[in-house]
Amino acid sequence: MAKPRKPKPEDPKPAHSGAVVRHQKLCLSIDTNLRRIYGYTELEIEVPDIGIVGLHAENLGIESVLVDGEPTDFEYYPRSQSSDIEKRWASAVSSPSSAADVAAAAYIMALDTELIPNLLINCCNKMQIEQMNTEPNGVQSSAEVNQNVKSVRVNYWVEKMETGIHFEDNVVHTDNQIRRARCWFPCMMTIIRGYFLFSFDLEFTVAHNLVAVSNGSLLYQVLSKYDPPCKTYVYRLDVPVTAQWISLAVGPFEILPDQHNGLISHMCLPPNLPKLRHTVEFFHNAFSEYEQYLDAKFPFGSYNQVFLSPEMAISSSTVGASLCILTSQVLFDEKVIDQTIDTCIKLAFALSRQWFGVYITPEAPNDEWLLDGLAGFLTDLFIKKFLGNNEARYRRYKANCAVCKADDSGATALSSSFACKDLYGTHSIGLLGKIRSWKSVAILQMLEKQMGPDFFKKILQAIICRAQSTTCPVRSLSTKEFRHFANKIGNLERPFLKEFFPRWVGFYGCPVLRMGFSYNKRKNIIELAVLRECTATIDSSVSVLNANPDSENRDGDIGWPGVMTVRVYELDGMSDHPDLPMAGDAWQLLEIACHSKLAARRYQKPKKGSKPDGSDDNGDLPTVDMRSSVDSPLLWIRADPEMEYLAEIHFNQPVQMWINQLEKDEDVVAQAQAITALESLPELSFSVLKALNNFLNDSKAFWRVRIEAALALASTSSEETDMAGLQHLVKFYKSRRFDTDIGLPKPNDFSDFPEYFVLEAIPHAVATIRAADRKSPREAVEFILQLLKYNDNNENPYSDVFWLAALVQSVGELEFGQQRIDRLLQFDRLMPSYNGILTISCIRTLAQIALKLSGFIHLDHVFELIKPFRDSKTIWHVRIEASRALLDLEHHCNGINAALLLFIKYIEEEPSLRGQVKLGVHAMRLCQIQGGSISSEDIKATTLVALLHLLESHIAFNNVFLRHYLFCILQVLAGRSPTLYGVPKEKLPCMGNVEICNEQKNNFGAPVNEIRPPQPQPQPPMGNPSHSNHSHDNLAIPEASKEVDTVSNSHDRKTAVVNIRVKQSATSSKVEEADNRTAERSEGGERSEGRRNHDADRGATSSVSVDAPQRNSAEAVSISNQNIEEVNSFHDHGSRITASIGSAKIASEGDNFGKELQCTADSGNASVHHQPDDPSSPSIIQDNYIDAEAKKYLSLQTLSISRDDGPPFQEKEKEKKKKSKKKKKDKEKKRKGEEHKGERNDPEYLEKKRLKKEKKHKEKEMARILGEVKAASGELKSKKEETTSLTQMGGNKQEADNMNSSEPPKVVITKLETRTEPTQPTSAPKFRIKIKSKPLSKS
C-alpha cells in the first residue's frame, strides 16, 4: 500500500491570508409565473486579518449584507459593458491580424476579470477595530485568528436569468458553465492555484405542483399554508465540493425510481416518461460495476438524473454533485436503434464524473487531466463489459489516431503550468478539449499496460479509500501523488516514472514510427528498419520541455520511455519480440529471430493462366500456405499489437501479408489497420478487392470494421478495376435486402442489429463512387433512388428514421433527386420524425445539391425552401441545421464576409444557448475552409468590428462556449491557431478607455478609516463630499511596489489628475540601468496592467510633454532605458493630464538624481468627455505592504490597513536595496570573469566579443538618432493647440482618443517642496511637486 499523505506543517497564517469558506447555506424562493428568484445565502467564513472578504457575484441585486446578524458595509462591482465599442475599435481594426490582436486582448481581459472577487464585505466590527489599533502594528494573537469565524449573510435577488440559471415556461434549471455559478448565488469560486471545497445546505421554495431537484440528500419537504400554497425542498450535501458543482432543476417532473437501486432516481417531463423507462433500464449495471471495481459505495447519498428539453440546455449533459441534468434528446424508445450506444456511453461517463471530478477533485488546475482521464477510464471499463471488447478497442484505436494527428502544440500538453495558465480553463472547450480528454485516457491505459490491470485497480481503490477515511480524508489528487502510487502500488520503477510523466504528461507530441523489413533467408532473421519522428516539431518541444519547471528529466535526446513489442506471425505460430526501444537514434536497424524454417521444396512451373500476384482466373487464394512469398515463412507482422503506446505507426509489408492480417487476425485493430493499408495502395489487384469483399460478407466480423471495408471498396472502385467495388457493394446489398423474384427491395427488417448498421452504410459508400468524368455512375444513381422510392417499413417493429436519413444524405452525394427530397421534407413536416432526424437530412441534402449545381439552378428557390425552417417554433435541431445550410449557401454565393454578417444576425436571433454554440462552431469551420487566403479585401473592417462587438456583448458573456468560438473565429481569420495558448500577451493592443471590472473602486471610507492606525493628520469625515479626499501622500511607498497604483478615497466626485513621468537620461549610472532593466523585466506586465487600468479609470486623458533642461545638449536619450514613475492624485471633476519630463538632472554629485513630481489641477474648463456624477461610485484603497495572497480577496487591486512610515525609513530601505543589488552584481561579474578566464586567448571568443561591442555601438547610435527625432517632433507638437491622448500597454503605444480643446488648461507650478502635503480643493489650478531623492551612483 502507498504511504499516507504526510500532513503539511501548519505555518503561521500570514498577515493578509485569504478568507476560507467552511459551510454555505442557500435559501431561494422561485416564482415561475413572475420569473423571479430571491432569497439569501449564508456563509461560515474564516475571515482574514484584514477583515475584508471577497465573493463572486454577477447578475444579482444585493439587498443587504449581515455579519453575525448585524448590517455591514459592502461594495459590489457588477460587470459593465462599454457602449462605444464600434467607435473604440474602428480606428484600431484595419485587418484580420489587428482584429485578432484586439480580440485576444479583450478576451484575456474578460477572463482575468472573472478571476477576481467583485463583492467585497467588511467583516470587522468596531470592537475588533479598536483591538487592532491598540495592539502593536495591528497584529492579532493566534487565539483570535483561530476564533475569527464569521457568519456572513447576503440577501439578494437574481436580476437577469440569462446565464447560470434559466427559465423556460414552468421549468427552471442551472448550467455549470465556467465561472457562472456566481450568476445565481454569491459564492467563492475556484482560484488559479487551488480550489475551495465546502459543504452546503440547500432550501428551495417552489409552487406546490413543481419538484425541486438539487444536490445531496433530500431531508424533508414542507408544504406551506400560503395562498397559493408552496412547497419547500430541503437538501444537505455533506461532502465538500466547489461551487461549480451546485445544480438545480425545478419543474413538473415525473419521478421514476430505479427498480434495482434505491439510491438512483430518474426524472423527466411527462411526455417523455415512456422513453425514459426504456432508456435507463441498463443504468443500474453501470452503477454497480463502478462500485464493484472501486470496492466502495457511491460517495453521495443519492444520484438523480433529470432530462430536460434540448432547447433549454447549453450542452447535452451538465454534471453536478449527485445530480446530472441531460437533454431529452438522448432518450429513446424500443423502436430506435441508432441512439442506444451513444446514450449508454454518455450516461456512463456522467456517472464516472461523480467519482473522479466531483468527489475526487484535482489539487490544482494542472491536475485536471488526471481526473478527466480516470473518468474516461471507468467509462471504457463499462464499454468493455456491456458493449463488448471489440467496441472498446475500436473506439480507443480511433481516439488514439485522432490524438496523434492533433497533438502538435502546447495547447494539448496535459500538465503544463504554462498551458493551464494561458488557457484560463478553456482547455475543455471544443476539439482541443476532446483531444486532451482522449489523450488523458490513453496515457492512463498505457500505465495500466505497464503495471498490469490488477495493480492499476488497486491504485484507484486506494485513492477512493483514503477519500472515504473517517479520520483524515484526503479527496484531492495530484499528478505527483499518482506517480507515487504508481511506484508504490503499481511496482513501476522510479527511473521509468521519472521519465514517463514529463514526456507524456508535461509534454506535447506523439512518437511517429516508420518501419520496414526484409527477411534474411541465410540467417533466418528479420531485419527491421525503424525511423523515429514526432508529431510536434522537435526543436519547439525540446524548448518547452526544458522550460517546464515540472520536468525533471531535461537531458538526452527526444524519445519516450519503454520498449515496444513487435509481434511476428509465422507458419509455426505467433511470437512477441519486445526489442524496439521508444527512445534512441532517429534511424535504427533491429534483428529479430524467426522460429519457422523453410523446408526444401522443388521448383514448380507456374500454372497456365496464373497471374504474377499468385491468383488464377478463378480468383481462389491458396488456403494452406498463406506465405507472402515462397522465400519467407512470415504471414504478417504487427508493431505494438496491444496498443501499449500512444504512437503513430506506419508499417510497410507486402500486399499478401496485409491480406493475411485482414483475413486471419481476429483483433479489430489489426483488421482496421489492414483495411487502411490496402485502401492506400497505389495499384489494386483483384486479390485485394476479393479480400475486402470477403470481409464485408463475413457476418462474424465486427460491424464497424465491415463498414470500413465497404468504404474501402467504394474508394478503390474505378474504371481501371472495371467498377468492381461498386459491383461488390450492390451485390452484397441485394443479396440481403432484395426480393430475387421481383427484383425490388424487401420490406424493412432490422432484427439483426449488426447487419442493420452495415446495410445502412452501403448507400453512402455507393454514393461516393465516381467515374472517370468525376460524375456518379448511372448504376449508383439508380440503385440509391430505387432504395428511397421503395422503402417500406410497415411490418417492421423498429423505426426507420435513421435509415431514411442515411438514404437522403446519400442522395446529397449524387446530382439528382431534388423533387423526391422535397416530398420527404413536406411529409416530415406534417409527421415529425424522431428528433427531426429526417428533416435535418433533407435540409442538408438540399444544400449539398444546390452547391453542386449552383451553375445550373437558381439558389433563390433553395433559400425559400429552407428559410421557413428557421422559425422559432421549430425544434432547435432543425432550426440550427437550416441556419447552417443558409450560411453555406451565403458563403458559396457572396463570400466569407457576407457569411459572417449573416452569422452575427443568426446569433442575435437564436434563443437557445446550445444553438448559438452550434452556429459558432459552423462559422469557425467556414473560416477554416477559407484557409490562409483571407485578406483585408475578403473581409471588411466593419465586419471585424461587429465580431468584436459580439465578443464583448452580454450574449457572449452569457454563453462562454460561444465567446470562445468567437475568439477562435477572429484568430482563424488572421491565419492563427484557434486557441489561447501561445497568444503573446506582451504584444496585445491597448484596450482604450474601457471601464472593466478590474477597475473596481471601493467605497469603504468609514470602515477603513476606523481600521487604520491613528494618523498625525486628522481625517475629514466621509459624509461631506467636499472633504472626501484622503491623501496618501504622507505614507512611505517602498520602491518595490511601483506597480500598485495609489488611489485616494473619493466618495462621489472624480478628480483631475496630472501625472508627471520622469524619464531617466542616458547618462545615468550603469548600476541603476541594470537594476531598472531587471525590475522592468520582472514587473513590466503588472506595471502596464495597473497603468492601463488607471488610464481607463477616469474618463478622458490629456498628455502634455515637458522637456526639462539638459546639462549636456549632446547627450542622447536612450529609449530602451526609460524609468517611468507615476503617482496619481484625484481631486475634482475634469480630465487627467499627463506631463512627461525627460532627463531631468542635478549637476552636483550629492544632489538627488531621480525626481518624482505629482501635480493636481482643476481643468474643468477643458473640452473633455466628463463622466456623470455617481454618489455611490467607489474608489480603491490600496496599501503597498500587502502580500500577493491578500490581494485576491480585496478588490481588483487591494484593500488594506495603511501604515505610517516616514521618509527616513524609506531612504534607509532604498540604500539597503541598492547595496544588496550592487553586491549581487559584483558577484555575478566575478563569476562571469572566472568563466571566461580561459577563453580570453581564444580567437573565436575575441571575435564574438568584438561583434558584441559593435552591436552595442550601433544600438547607441540608433538610440541617439531616435532621441533627436523625438526631440524635434516634441518641439513641433508643442506649437499645436490640440492635445493628443495616448495610452500605453506592455511597451506598445497606440493612439486612443484625439480630443480637441478650445482652451487647453494652463500649467502653472506654484510650489516646490521636498515632502508632500494633503491636497485641498481649490478653484484655481494648483500643482504639487513631490521629489523622491535617489543618490547619484558613481561610475
Side-chain angles (χ1 to χ4, degrees), residues 356-357 360-377 396 399-400 402-404 406-423 425 427-428 432-451 456 459-460 463 476-490 492-511 534-536 538 540-556 558-562 582-583 643-647 981:
F356 297 103
I360 304 297
T361 61
E363 189 172 279
N366 289 356
D367 306 315
E368 289 181 358
W369 75 271
L370 182 56
L371 281 306
D372 193 19
L374 290 174
F377 182 85
R396 178 49 42 204
N400 289 358
V403 171
C404 291
D407 188 17
D408 56 357
S409 68
T412 53
L414 299 180
S415 188
S416 170
S417 58
F418 299 103
C420 293
K421 184 179 180 181
D422 293 343
L423 297 179
H427 50 264
S428 60
L432 286 178
K434 293 181 179 179
I435 294 298
R436 290 171 61 94
S437 180
W438 291 337
K439 183 179 179 181
S440 303
V441 179
I443 289 174
L444 292 177
Q445 289 182 338
M446 288 163 55
L447 284 174
E448 184 201 26
K449 296 289 185 182
Q450 294 292 328
M451 68 180 67
F456 194 85
I459 290 178
L460 300 192
I463 294 171
S476 63
L477 181 63
S478 67
T479 305
K480 186 177 180 180
E481 289 174 333
F482 192 80
R483 189 170 77 173
H484 176 76
F485 281 124
N487 173 245
K488 295 298 181 181
I489 301 178
L492 294 181
E493 298 179 354
R494 287 181 181 270
F496 171 81
L497 295 173
K498 190 177 180 181
E499 189 178 2
F500 181 91
F501 277 88
R503 293 292 189 188
W504 284 108
V505 180
F507 178 64
Y508 65 91
C510 297
C534 180
T535 57
I538 294 181
S540 61
S541 59
V542 171
S543 61
V544 170
L545 186 63
N546 293 340
N548 189 356
D550 301 331
S551 312
E552 298 181 13
N553 187 2
R554 304 183 182 180
D555 301 327
I558 286 297
W560 283 261
M582 296 293 293
M643 289 193 296
E644 297 178 343
Y645 295 97
L646 179 61
Y981 180 80

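Keep in mind that this is a model prediction, so the values were computed, not measured. Only heavy atoms go into these numbers, but all of them, side chains included; no hydrogens, no water, no symmetry mates.
Heavy atoms only, all atoms of each residue included: Ile463 and Phe485 are closest at CG1-CE1, 4.0 Å. For the pair Ala486 and Met451, the tightest heavy-atom approach, listed with the atom from each and the gap, is CB-CE, 4.0 Å. Glu481 and Ser476 get closest at one heavy-atom pair: OE1-O, 3.6 Å. Here the shortest heavy-atom pairing between Trp560 and Cys534 reads CH2-SG, 3.5 Å. When all heavy atoms are compared, the tightest approach of Ala399 to Trp438 is CB-CG, 3.9 Å. The two atoms that bring Ser415 and Trp369 nearest to each other are CB-NE1, 3.7 Å, heavy atoms only.
Distance check: Gln450 CD to Phe500 CZ gives 7.0 Å after rounding to the nearest 0.5 Å. Distance check: Glu368 CD to Thr361 OG1 gives 10.0 Å after rounding to the nearest 0.5 Å. Atom CD in Glu493 sits 12.0 Å away from atom CD in Glu499 (nearest 0.5 Å). Atoms OG and NE2, from Ser437 and His427 in turn, are 10.5 Å apart once rounded to the nearest 0.5 Å. With values rounded to the nearest 0.5 angstrom, Leu447 atom CG is found 7.5 Å from Ile459 atom CD1. Rounded to the nearest 0.5 Å, atoms CE (Met446) and CH2 (Trp504) are 4.0 Å apart.
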Could you give me the CA-CA distance, side-chain angles and deciding distance for Leu374 and Leu444, then say whether side chain to side chain contact (heavy atoms under 4.5 Å, CB included) is met? CA-CA 7 Å; Leu374 290 174; Leu444 292 177; 3.6 Å; yes
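Looking at Ser440, its side chain does come within 3.5 Å of a backbone N or O of Arg436 through a donor-acceptor pair. Distance alone, capped at 3.5 Å, is enough to place a donor-acceptor pair between the Asp367 side chain and the Ala364 backbone. Thr535 contributes a side-chain N or O that, together with a main-chain N or O of Asp407, makes up a donor-acceptor pair within less than 3.5 Å.
Here the two rings, on Phe356 and Phe377, have centers that are 6.0 Å apart or farther.
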